[in-house]
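Since the structure comes first, as structure tokens, the remarks are kept for the end.
Since the model is a prediction, treat every value here as computed from it, not as a measurement. Counting starts at 1 for both ligands and their atoms, in listed order.
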Amino acid sequence: MKIAISSDHTGIDLKALIIKTFSNIEFVDCGPSSTESVDYPDYTEKVAKAVQQGSVDGGIAICGTGIGASITANKFKGIRASLCLNGFMAEMTRKHNDSNVLVLGARVTGDEVSLYIVDKWLSTEYEGGRHQRRIDKISVIENRENTGA
Ligand code: RB5
């Protein structure tokens, strides 16, 4: 499985920990590579585009709260980015929302819980069925409301 991953300066250690821990996953590290202060939209965009273009199977985006990265990632058509604070949210957003980008808040969630969230998110399958109708409705809204380039 190939996963694009990004952070900002607040999440760089968590990003490295995830890459090291999930050695069975092929990560595409979208940066940054130093702890110098950066802007989370610049790096979240790289993950969202990789997922959108299908060059990876999914993405993980990290910022301090996870909120800025969520807002950014969900601007991209076809991206269903989910800020998860626990394993239950990670499991449910895969099963019900077919989440394709996991978002973590490095200043909110501790390392151990974050790794548990990543594990749940990576290992849970989308259930389809009635949930597809709801996702299709999101796509209708997305197409209707976003007419710009
Ligand atoms: C950076 O200071 C911080 O604003 C960012 O990591 C994130 O929490 C934004 O939503």
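Remark: the Lys77 side chain and the Asn143 side chain contain an N/O donor-acceptor pair separated by less than 3.5 Å. For the residue pair Asp8/Thr10, the side-chain donor-acceptor check at 3.5 Å is satisfied.
For atom 2 (O) of ligand 1, the closest non-hydrogen atom on the protein side is Arg107 NH1, 3.4 Å. The closest protein non-hydrogen atom to atom 10 (O) of ligand 1 is Gly68 N, 2.9 Å. Ranking protein heavy atoms by distance to atom 5 (C) of ligand 1, first place goes to Asp8 OD2, 3.3 Å. For atom 8 (O) of ligand 1, the closest heavy atom belonging to the protein is Thr65 N, 2.9 Å. In terms of protein heavy atoms, atom 4 (O) of ligand 1 is closest to Tyr40 CE2, 4.5 Å.
Remark: Tyr116 OH is loosely packed, at most 12 non-hydrogen atoms of other residues, nucleotides or ligands lying under 6.0 Å away.
Remark: ligand 1 and Cys63 share no N or O pair separated by less than 3.5 Å (distance only, no angle test).
The ligand atoms of ligand 1 that sit less than 4.0 angstrom from a heavy atom of Thr10 are 6 (O). If you number the atoms of ligand 1 from 1 as listed, the ones under 4.0 Å from a heavy atom of Gly64 come out as 5 (C), 6 (O), 7 (C), 8 (O).
For Arg94 (side chain) and Ser99 (main-chain N/O), a donor-acceptor pair under 3.5 Å exists by modelled atom type.
When each of Ile18, Ile19, Leu17 is paired with Thr21, the side-chain contact (heavy atoms from CB on, under 4.5 Å) condition holds for Leu17 and for no other.
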Item checked: Worked check of side-chain contact (heavy atoms from CB on, under 4.5 Å) between Val101 and Ile60 -> CA-CA 5 Å; Val101 174; Ile60 299 176; over 6 Å; no

